Number of protein chains: 2
Amino acid sequence: MIPTITAFANSLDQGAGLARDMRVRWALEEVGQPYNTRLVSWEAMKQPTHLASQPFGQIPSYEMGDLILFESGAIVLHVALHNPGLLPEEADARARAITWLFAALNTVEPPIFDMDMAQIIETEKPWYDERLALLKSRIRDRLRVLTAQLAGNDWLEGGFSAGDLMMIAVLRMLHGTELLAEFPAIAAYVARGEARPAFRRAFDAQLADFKASSQAD
Amino acid sequence: MIPTITAFANSLDQGAGLARDMRVRWALEEVGQPYNTRLVSWEAMKQPTHLASQPFGQIPSYEMGDLILFESGAIVLHVALHNPGLLPEEADARARAITWLFAALNTVEPPIFDMDMAQIIETEKPWYDERLALLKSRIRDRLRVLTAQLAGNDWLEGGFSAGDLMMIAVLRMLHGTELLAEFPAIAAYVARGEARPAFRRAFDAQLADFKASSQAD
């Protein structure tokens, strides 16, 4: 049985691999699990058929037999818990790797996501400059901590784990800003993740889906 | 061996149980695991001793022998995975309950947290009214989905789970706003969580810690 995931038919990022289905594709590629993809348009995302698998009307979702999951964090963790390759075997190291997955989503992503949103919907607002400076300051605080944590190591917790996968997926949202250049150790960490064959396969697959959807329009 | 958690010595919420150590205390009470508490002042939180267990300088952290964890989501999940009582036994139901834990943290909490922060630091800003309205609209979208999901059931996924624990902990941040009154099914869901004996014990413990710290100042 092969899982089916949902993904954007027309991602706002034009196939740059920033939509959250990329995280799930990458995890599935890392563990060597083939998958089917159901592409969802912006209109279909709010319709009952899709809401049955993703009640908040977002992507991705994950379907495997009777099991339907959503939330990219939950899906990546599910894949990591049920397949070898994305979490250490030793119990304590395993718990620490999962901690980094949560840190990526709950401590590092929020200010990055807020900056991203501000750059989309608030550029014309009178408060934009002030708010952008505040968000960048919060992001720099996180990048300083991550730099210290990496401390010359390739990954956050021993070998590459689901924690690195999620952290790098989040940090990739900084491409195109000056922030990665300010933190060379973080830029190198992101580049190491992007160089992984599983990342490349996932990236190419979502880009191909985007191009096919665009041509069909 | 008993775990030690860190918590605010002087929580900004004055002991209302909104600080993130409350989530960990509640989980430990649900599974009947005694714990020690190390209270951390605002100054101590940014010092090397605390940063060794929580690199981002926040609370809570969790220490059990050589294992040190942080992120309330990671700690609650760790407690739930290693003790009976907070996750269904059946594999698919277990994965769904974990999905709700992620949904609480990554889909429901962000707009609620943003509203909370705006009400603390942005009330004097010229954009405050406009931004508050936008955030409330996003919160209402989430509460509508949760109302449909509960559909008359007591909990999100069968029996009470770590998913409910985290969701209710997040929704409690809406106390004092008009939003819970607008969604009576959500208000009743929160009240069901708050009526649990384990919640009461955790709440009382963190309130006692706050009062003791305040008197010591």
Side-chain angles (χ1 to χ4, degrees), chain A residues 20 51 54-58 61-62 64-79 81-82 90-110 113-114 117 121-122 125-128 130-131 134 141-142 144-149 156 163, chain B residues 20 51 54-58 61-62 64-79 81-82 90-110 113-114 117 121-122 125-128 130-131 134 141-142 144-149 156 163:
Chain A
R20 284 171 175 71
L51 292 175
Q54 217 300 359
F56 294 98
Q58 302 169 342
S61 60
Y62 170 99
M64 178 87 138
D66 291 337
L67 178 62
I68 302 178
L69 301 178
F70 57 99
E71 291 285 338
S72 61
I75 301 169
V76 167
L77 179 65
H78 181 79
V79 171
L81 286 172
H82 292 88
E90 196 271 317
D92 283 4
R94 199 172 176 87
R96 281 191 291 266
I98 293 173
T99 287
W100 285 109
L101 182 149
F102 278 95
L105 292 170
N106 298 129
T107 295
V108 179
E109 183 168 32
F113 180 79
D114 284 354
M117 287 300 289
I121 62 173
E122 294 183 18
K125 302 286 186 185
W127 63 76
Y128 178 68
E130 189 179 346
R131 188 161 148 76
L134 175 74
D141 287 345
R142 269 70 170 170
R144 267 188 287 274
V145 171
L146 288 179
T147 298
Q149 181 67 30
L156 288 166
Chain B
R20 284 172 176 72
L51 293 175
Q54 216 301 359
F56 294 99
Q58 302 169 341
S61 60
Y62 170 100
M64 178 87 139
D66 290 338
L67 177 63
I68 302 177
L69 301 178
F70 57 99
E71 291 286 337
S72 61
I75 301 169
V76 168
L77 179 66
H78 181 78
V79 170
L81 287 172
H82 293 86
E90 195 271 318
D92 283 4
R94 201 172 175 87
R96 282 191 290 266
I98 293 173
T99 286
W100 285 109
L101 182 148
F102 278 94
L105 292 170
N106 298 130
T107 295
V108 179
E109 183 168 32
F113 180 79
D114 284 353
M117 287 301 289
I121 61 172
E122 294 183 17
K125 303 285 187 186
W127 64 77
Y128 178 68
E130 190 179 344
R131 186 160 150 77
L134 175 74
D141 287 343
R142 269 71 170 171
R144 268 189 286 274
V145 171
L146 288 178
T147 298
Q149 181 68 31
L156 287 166

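Just so it is clear, the model here is predicted, and its values are computed rather than measured.
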Item to check | Chi angles and distances behind the side chain to side chain contact (heavy atoms under 4.5 Å, CB included) call for Leu105(B), Leu105(A) | outcome: CA-CA 9 Å; Leu105(B) 292 170; Leu105(A) 292 170; over 6 Å; no
Next on the checklist: Would Phe102(A) and Asn106(B) count as a side chain to side chain contact (heavy atoms under 4.5 Å, CB included) here? Give the steps.
Outcome noted: CA-CA 10 Å; Phe102(A) 278 95; Asn106(B) 298 130; 6.0 Å; no
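Of the atoms belonging to Leu51(A), not a single heavy atom falls under 4.5 Å from chain B. Pro110(A) does not touch chain B: none of its heavy atoms, backbone or side chain, sits under 4.5 Å away. At a 4.5 Å heavy-atom cutoff, the contact between Arg142(A) and chain B is made by backbone and side-chain atoms alike. Using a 4.5 Å cut-off between heavy atoms, Ile75(A) does not touch chain B at all. Only the side chain of Glu122(B) comes within less than 4.5 Å of a heavy atom of chain A; its backbone N, CA, C and O stay farther away.
In this structure, Val108(A) and Phe56(B) approach most closely via the heavy-atom pair CG2-CZ, 4.1 Å.
Contact tally against chain B (heavy-atom pairs below 4.5 Å) for Gln58(A), Glu130(A), Met64(A), His78(A): the top residue is Glu130(A). Chain A forms the most heavy-atom pairs under 4.5 Å with one residue out of Leu77(B), Leu101(B), Asp141(B), and that residue is Leu77(B). Ranked by heavy-atom pairs shorter than 4.5 Å toward chain A, the options Arg131(B), Arg144(B), Gln149(B) are led by Arg131(B). For the set Leu146(B), Leu67(B), Leu81(B), the count of heavy-atom pairs under 4.5 angstrom toward chain A peaks at Leu67(B).
The line from CG of Asp114(A) to CE of Met117(B) is 10.0 Å long, rounded to the nearest 0.5 Å. Separation of atoms CD (Glu71(B)) and CD1 (Ile98(A)) is listed at 13.0 Å; rounding is to 0.5 Å.
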